[in-house]
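Below is one structure, written out as structure tokens; the observations come after it.
Model, not experiment: these values are computed from the prediction.
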Amino acid sequence: GYRVSLQGNFYGSNHTYVIFSEYSPRQHIKLDPPLNIQSNITASKCQIWWTVPSYLDEILQYQLQYKERSKSWETALNKTPPSSLPRIEIEGTEFRSGISYIARVRCKVSEIEDSYHSQWSDWSQTTVFQREGTPELSANIFNTGTLQFLFIPLSFAALLYLFWNCKLFSRYKSSLALTFLHQLLSFSHSIICTMGILR
């Protein structure tokens, strides 16, 4: 090991301060991030792989992060590969069809390794991938805001329908009301579909 100290002149006097009495460089390592991260995704699975120096293959552990490309890293999910191999496989069902995802990985010396100790490396470069298919409708499409937005036109439609059933309108007006009702419902359906696609 090594002895690390700090020497300096303070207020006209020389002083020596011992920072580490026994310093072992192999216990304070920060590795370079993994390189060449790549990905491939199908309907059933997503494969992501990267490279590290071959002499480190057996002593490293990894942490993978992935998220929707349009969102911040604070929303990312973490995955830990089950082995020291520089790759991971994730179920395809964890990804929404038609949405772009981005992933990155970092590494450090495995915690079961006695000879070396390290902190996490910086994050690698990223890889972008997308599961094929039509974008899925958001599960939150019928949230409170959407229902409030649709309440007024649907209420008018319901009233017109009641008036028509009660025969308060003439035959001509009833036909007109039914046409208007059909157009209103079509418009509401278009709003729902559009909001689902945008989300």
Side-chain angles (χ1 to χ4, degrees), residues 25-150 186-199:
R26 66 172 58 196
Q27 297 297 316
H28 301 82
I29 298 172
K30 183 174 182 180
L31 299 166
D32 290 330
L35 301 172
N36 305 320
I37 182 170
Q38 300 179 63
S39 56
N40 181 59
I41 187 169
T42 64
S44 60
K45 63 184 177 181
C46 174
Q47 295 175 314
I48 303 175
W49 64 96
W50 52 90
T51 59
V52 293
S54 57
Y55 57 84
L56 295 175
D57 271 348
E58 297 181 359
I59 66 170
L60 296 184
Q61 68 181 72
Y62 305 97
Q63 184 181 56
L64 180 92
Q65 277 192 341
Y66 69 91
K67 67 178 183 71
E68 292 185 20
R69 193 176 186 182
S70 61
K71 296 184 178 180
S72 68
W73 283 109
E74 283 72 20
T75 66
L77 297 176
N78 295 325
K79 290 285 185 180
T80 301
S83 71
S84 62
L85 297 176
R87 61 176 176 266
I88 190 172
E89 187 172 292
I90 306 172
E91 290 294 326
T93 52
E94 293 195 25
F95 306 96
R96 295 166 55 197
S97 298
I99 302 296
S100 290
Y101 288 83
I102 187 169
R104 62 185 183 180
V105 66
R106 62 181 178 176
C107 65
K108 71 174 183 177
V109 175
S110 173
E111 294 177 358
I112 64 174
E113 177 63 40
D114 296 329
S115 302
Y116 300 92
H117 181 77
S118 74
Q119 58 182 299
W120 284 110
S121 71
D122 292 331
W123 290 105
S124 69
Q125 297 295 312
T126 57
T127 181
V128 177
F129 52 94
Q130 178 175 313
R131 183 183 173 194
E132 295 300 326
T134 304
E136 301 167 359
L137 293 178
S138 172
N140 297 321
I141 186 170
F142 290 108
N143 57 25
T144 303
T146 303
L147 292 176
Q148 290 176 344
F149 182 74
L150 296 176
S186 298
F187 176 69
S188 299
H189 179 71
S190 299
I191 291 175
I192 294 174
C193 293
T194 302
M195 293 181 69
I197 292 173
L198 290 176
R199 293 187 182 188

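Partners of Ser84 according to the side chain to side chain donor-acceptor pair (under 3.5 Å) rule, which considers only residues two or more places apart in sequence or in another chain, do not exist here. Residues passing the side chain to side chain donor-acceptor pair (under 3.5 Å) test with Ser70: none are found, sequence neighbours excluded. Listed by chain and number, the residues in a salt bridge (charged side-chain N to carboxylate O under 4.0 Å, His left out) with Lys67 amount to none (sequence neighbours excluded). Listed by chain and number, the residues in a side chain to side chain donor-acceptor pair (under 3.5 Å) with Gln130 are Ser100 (sequence neighbours excluded). Listed by chain and number, the residues in a side chain to side chain donor-acceptor pair (under 3.5 Å) with Glu91 amount to none (sequence neighbours excluded).
Considering CG of Asn36 and OG1 of Thr51, their distance stands at 4.0 Å, rounded to 0.5 Å. Atom CD of Gln63 and atom CD1 of Ile88 lie 10.0 Å apart (nearest 0.5 Å). Interatomic distance, Gln47 CD to Phe129 CZ, rounded to the nearest 0.5 Å: 12.0 Å. Remark: Leu60 CG to Cys107 SG distance equals 5.0 Å, nearest 0.5 Å.
Within the structure, every pair that satisfies the ring-ring contact (aromatic ring centres under 6.0 Å, His included) test and touches residues 53-86, not counting sequence neighbours, is listed here: Trp50-Tyr62, Tyr66-Phe95.
Within the 4.5 Å cutoff, the side chain of Ile90 has heavy atoms near those of the Leu64 side chain. Side-chain contact between Leu31 and Val52: absent, with no pair of heavy atoms (C-beta onward) separated by less than 4.5 Å.
By the neighbour-count criterion of 12 heavy atoms within 6.0 Å, atom CZ of Arg106 is densely surrounded, having more than that number from other residues, nucleotides or ligands. Remark: Glu89 CD is packed, more than 12 non-hydrogen atoms of other residues, nucleotides or ligands lying under 6.0 Å away. Heavy-atom contacts from other residues, nucleotides or ligands closer than 6.0 Å to CD of Gln38 number more than 12.
In this structure a side-chain-to-backbone donor-acceptor pair under 3.5 Å is present from Ser118 to Val109. Judged by distance alone, with hydrogens and angles left aside, the side-chain atoms of Gln61 form a donor-acceptor pair with the main-chain N or O of Glu111 at under 3.5 Å. Although no hydrogens or angles enter the test, the distance criterion places no donor-acceptor pair under 3.5 Å between the side chain of Ser124 and the main chain of Pro33.
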